[in-house]
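Structure incoming, see below.
Proteins come first, then strands; the chains are lettered A, B, ... in the order of their sequence lines, and each starts at number 1.
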Amino acid sequence: MNKKVKQILTTNEIIVVYIIIALCILIGIVNPVFLGMSTAITLSRAMLITLIFAICEMVVIISGGIDVSFPAVACIAMYSTIRFVIAFGIESPIFAYGMVALIGLAFGALNAYLIAKIKLPPLIATLGVSSVANGATLAFLGTKEISNIPEKMDALSKVFLISYTNSQGITYQLTALILIPVSMIIVAYYVLKYTMLGRGIYAIGGDKNAARIAGFNVTRIQFIVYMSSGLFAGIGGLTYTILMRQASPQSLMGSEMMVIAAVVVGGTRITGGHGTVIGTILGVLLIAIVQNNLIMLGIPTHFQTFVVGLIIVIGTSITSLRAKKIANSAKV
Amino acid sequence: MCMADTFLKLDHVKKYFGGVKALKGVSLEVKCGEIHCLAGENGCGKSTLIKVISGAHNATEGEIYIEGKRIDKLTPIDSIRMGIQVIYQDFAVFPNLSVAENIAMNHALMTGAKKMKWKEARELALHAMEQIGAHMDPDILVERLSVANKQMVAICRAIINDAKLLILDEPTTALTANEVEKLNIIIRNLKEKGMAIVIVNHKLDEIYRIADRLTILRNGENVATGMIEEFDRARFVKCLTGHEVADDIYRPEYFEEEIVKVENLTKKGAFENVNFTLRKGDVLGITGLLGSGRGEIGDALFGLAPAETGTITLNGKKIEIRSVQDAMKYKIGYVPEDRLTQGLFMDRSICQNTVAASIGRYMEKTGLDHKKMKEVTWQWIKTIGCAASSSEAMMRTLSGGNAQKMVIAKWLNTEPSLLILNGPTVGVDVGSKADIHTILHELAKKGIGIMIISDDLNELIHNCNKLIIMKNGQTSGIIETGDMSEAELTGLLNSGM
Ligand SMILES: Nc1ncnc2c1ncn2[C@@H]1O[C@H](COP(=O)(O)OP(=O)(O)OP(=O)(O)O)[C@@H](O)[C@H]1O
Ligand SMILES: [Mg+2]
């Protein structure tokens with residue numbers, strides 16, 4: 001029993017929790033305001049988009065793959081949709097969400113086809129698709145920033161769940177769009193843990209050949225994984241635009257590193273087969289705190305990139321050292 | 001359970017991989033309630049045949065009947081649904097999942113379940129473990145299990161689906177004698193329940209102990225089938241290899257010259273005060289039960305897990321081994337025990353693997369001498385009797401035993417002064433085994449130190465003129481094998497000594 005307790009206290013998730021608590025205490029000592037409702041609201045908002053992408057990325061990595069195409073897919077889906085709805089004067093957010101989802105889905109299917117059927121390595125396949133999507137955006141859709149988002153869509157950014165006014169009279173509001181990642185988290189948790197599809201994702205990440213022999217339809221699972229990643233990339237892209245209240249064709253490019261880092265810091269093994277939703281949330285939270293609140297410790301902005309990099313290196317090293325230790329430890 | 005008298009019938013099954021004809025027309029019948037052994041040289045197509053039966057490979061040609069019914073196209077899931085369960089050489093378990101989930105997985109897939117029911121999975125697993133008498137924590141991840149326990153997981157997983165035919169591909173290669181005995185009990189038990197069982201094995205002794213019937217393959221064709229009683233050892237070997245294999249024993253003449261001298265070698269928690277001398281001509285065996293420290297001595301001499309104190313003298317020079325680089329510098333070669341993970345790059349060519357430890361020799365000013373590398377590889381393929389079509393073929397396409405031969409070739413190619421082999425001929429067929437032994441003996445006579453770490457007593461008796469027996473990290477005896485019999489050695493191993 002003692003051993004089990006010890007095991008639980010040293011899981012990846014718990015280690016990230018320790019680091020987060022330590023950081024919070026540190027920042028809290030310097031700036032007591034940090035430990036309050038306002039931080040919770042700003043952090044939630046800061047995490048919103050990253051969470052959408054990170055959940056998908058985690059699922060892809062668990063399945064033994066990687067997807068670096070989501071920023072490009074998000075951009076093309078979002079930007080073409082925005083241009084389309086503006087051109088045709090379509091107001092409905094539901095239509096817009098449907099359209100980004102379909103475009104995302106199509107790119108996801110392309111990724112899946114290249115990986116599951118043509119058998120390209122996932123990194124190469126998604127890099128290629130990323131270039132194609134990004135190139136197509138710039139070549140066919142232009143580079144103009146669009147700020148006249150259709151009104152009904154824009155209105156979504158002004159729906160709030162919680163409103164909080166602090167003693168200085170500053171109001172913090174939590175956007176209702178947070179419900180998107182929240183529902184994704186709930187669905188992902190359930191699917192990964194309690195459905196055979198979810199277990200199949202872990203299985204093909206652990207040993208693809210064994211999964212095939214056991215009777216999993218590996219191709220089908222890979223299609224589901226990459227297509228949902230594409231779908232939510234599109235949704236994430238549009239949500240980002242609504243939050244920012246303007247659409248720019250390049251806005252999300254380059255965010256893949258941070259998302260993959262958050263996932264891996266949260267205990268997902270880059271080699272596949274291991275990873276949890278909780279861990280990923282914690283990973284995203286940790287990076288969000290570092291990115292948004294380190295300034296309270298008096299750490300200058302340009303240092304933050306350095307610290308984030310450090311966290312990535314250390315966090316991923318811990319994960320991989322643990323994996324190595326398990327591989328070398330005495331077997332039972 | 002198995003209903004028809006004959007559960008499985010294969011009629012002239014062929015399987016080609018591009019130009020490679022792995023199966024050239026194999027016919028096989030497996031009856032309910034029998035233990036049917038499948039034997040044959042490395043690369044004769046045993047594993048391929050099994051993969052056809054399990055639906056992992058599509059037969060190029062030929063007919064398959066299950067319980068009398070002709071099957072047109074067999075997919076893995078069909079095969080499982082019809083009661084066929086295979087335990088592969090590498091077990092095909094999921095290292096990242098728990099014991100319980102691994103065991104319950106196939107059942108869930110077979111019943112077409114959409115939901116994962118953790119409580120049910122755990123109960124199923126406990127029930128299956130109870131049936132075969134295994135004890136494991138159902139919640140532990142399989143990556144933390146020993147080889148024997150991984151196999152137990154694979155067996156548990158196979159039997160919970162009311163399997164009618166259980167196929168085991170070389171189930172005993174990584175097991176100790178005790179574990180083999182346990183496995184045999186489990187297998188006989190399943191046979192009593194009416195299950196049909198097919199076992200692939202290279203060890204004749206083990207086949208005689210368990211088989212009811214025997215089928216021998218050679219070059220993708222079956223050469224003989226019959227009750228085990230119809231095969232005496234000589235006929236068996238003749239059918240396997242196509243010729244007779246001399247069962248000679250290596251007992252070299254005595255030389256004074258000391259090649260290796262090890263004094264007071266100690267590594268806390270692994271072994272203590274190990275002393276021995278290896279003279280020119282000696283083939284030195286190290287044996288002992290699992291956990292006795294026999295493997296750790298090899299790891300220490302090769303710098304994988306260096307010893308803490310003690311001295312090692314190689315060819316009259318005191319050397320210190322702190323790392324693998326040190327060991328390679330002094331020309332020490334090591335054939336590891338778990339070759340699938342430690343010794344080979346499966347997705348590289350045979351050539352690249354063969355020269356991997358001696359690459360420096362092919363470095364020219366203008367780059368690597370590819371022509372020479374290929375020539376050398378081809379030489380080794382011939383010498384060691386590996387069934388490979390070319391030196392450029394992918395390592396993964398070699399059969400298990402042939403891959404093992406290339407691991408040995410890789411180290412022989414380094415022209416070592418001391419070669420340590422940990423379980424060198426595991427999975428290698430009788431004929432090639434004899435060839436490898438002959439090569440080792442030749443080297444020993446030339447003054448190269450040869451050490452064999454093994455628990456295959458038969459192999460040790462035949463090849464080593466000197467034996468170290470390890471017990472709890474201590475040398476409990478150093479003996480000249482002389483004309484000792486296997487039974488005597490077994491006695492020594494298990495006694496206090
Ligand atoms: N995927 C593949 N591609 C090409 N050739 C293959 C492939 N798989 C197997 N072979 C070839 O088919 C032949 C039969 O291989 P198989 O693995 O069935 O042998 P085996 O009887 O199981 O041998 P061993 O006793 O060494 O395990 C070998 O010559 C092997 O090189
Ligand atoms: Mg084989």
Side-chain angles (χ1 to χ4, degrees), chain A residues 1 3-5 7-8 11-12 61-64 119 121 189-221 224 267-276 319 322-332, chain B residues 51 54-56 75-81 85-88 90-99 101-102 104-118 121 135-137 139-150 154 157-158 161 269 290-291 304-305 338 341 396:
Chain A
M1 200 56 221
K3 215 169 138 196
K4 278 205 170 151
V5 171
Q7 257 175 27
I8 289 170
T11 55
N12 280 306
I61 295 179
I62 290 176
S63 81
K119 310 267 180 227
Y189 181 83
Y190 177 80
V191 170
L192 284 179
K193 179 124 199 204
Y194 294 107
T195 69
M196 282 311 285
L197 169 65
R199 301 321 291 169
I201 293 173
Y202 281 93
I204 66 172
D207 187 334
K208 205 181 287 161
N209 203 29
R212 197 172 57 89
I213 292 166
F216 280 108
N217 188 336
V218 177
T219 311
R220 182 171 156 261
I221 294 177
I224 294 177
T268 301
R269 279 195 216 164
I270 197 81
T271 44
H274 297 261
T276 60
T319 321
R322 290 169 65 90
K324 201 171 143 194
K325 192 172 151 219
I326 290 172
N328 290 337
S329 65
K331 303 288 189 271
V332 291
Chain B
K51 286 181 184 153
S54 72
T75 63
I77 196 81
D78 288 341
S79 171
I80 292 170
R81 292 218 168 102
Q85 286 287 338
V86 181
I87 299 175
Y88 290 95
D90 59 1
F91 310 139
V93 288
F94 300 105
N96 57 328
L97 304 181
S98 73
V99 167
E101 194 177 0
N102 262 285
M105 187 70 94
N106 279 21
H107 182 73
L109 283 169
M110 197 179 84
T111 53
K114 292 266 175 277
K115 293 222 178 82
M116 174 74 204
K117 301 200 183 82
W118 289 96
H135 303 280
M136 284 171 278
D137 176 354
D139 299 319
I140 201 170
L141 293 191
V142 164
E143 63 185 357
R144 307 212 19 229
L145 294 183
S146 68
V147 177
N149 275 337
K150 276 186 191 152
R157 178 175 73 179
N161 294 318
L290 209 73
L304 281 171
D338 186 1
T341 57
R396 189 174 294 290

- Message: At a 4.5 Å cut-off on heavy atoms, which part of Asp207(A) comes close to chain B: side chain, backbone, both, or neither?
- Response: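 Both backbone and side chain.
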- Query: Side chain, backbone, both or neither: which part of Gln85(B) has an atom under 4.5 Å from a heavy atom of chain A?
  - Reply: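 Neither; nothing under 4.5 Å.
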- Query: With a 4.5 angstrom heavy-atom cut-off, which part of Lys114(B) approaches chain A: side chain, backbone, both or neither?
  - Reply: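 Contact with chain A is through the backbone of Lys114(B) alone.
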- Query: Do Glu143(B) and Arg269(A) meet the salt-bridge criterion of a basic N to acidic O distance under 4.0 Å?
  - Reply: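 So Arg269(A) pairs with Glu143(B) through a salt bridge.
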- Item | Test item: Arg157(B) side-chain N/O and Met105(B) main-chain N/O as donor-acceptor pair under 3.5 Å |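 Not confirmed, Arg157(B) side chain does not pair with Met105(B) backbone.
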- Query: What part of Phe91(B) is in contact with chain A, defined as an atom under 4.5 angstrom from a non-hydrogen atom: side chain, backbone, both or neither?
  - Reply: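 Looking at Phe91(B), nothing touches chain A.
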- Message: I'd like to know whether Tyr202(A) forms a side chain to side chain contact (heavy atoms under 4.5 Å, CB included) with Lys193(A), so could you lay out the CA-CA distance, the side-chain angles of the two residues, the decisive distance to 0.1 Å, and finally the verdict.
- Response: CA-CA 10 Å; Tyr202(A) 281 93; Lys193(A) 179 124 199 204; over 6 Å; no
- Task: Rounded to the nearest 0.5 Å, what's the gap from NE2 on His107(B) to CE on Met110(B)? Could you check?
- Result: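 If we round to the nearest 0.5 Å, His107(B):NE2 and Met110(B):CE are 6.5 Å apart.
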- Side chain, backbone, both or neither: which part of Val93(B) has a non-hydrogen atom closer than 4.5 Å to chain A?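 The backbone, not the side chain.
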- Query: Between Asp139(B) and chain A, which part of the residue has a heavy atom less than 4.5 Å away: side chain, backbone, both or neither?
  - Reply: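 The answer is the side chain of Asp139(B).
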- Please confirm whether the backbone N or O of Tyr194(A) pairs with a side-chain atom of Trp118(B), one donor and one acceptor, at under 3.5 Å?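 Pair absent, no side-chain N/O of Trp118(B) close to backbone of Tyr194(A).
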- Query: Looking at OG of Ser63(A) and CD1 of Ile204(A), how far apart are the two atoms once the value is rounded to the nearest 0.5 Å?
  - Reply: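 So the gap between those two atoms works out to 4.5 Å.
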- Check each atom of Asp137(B) against the heavy atoms of chain A and say whether the ones under 4.5 Å are side chain, backbone, both or neither.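 Just its side chain gets close to chain A.
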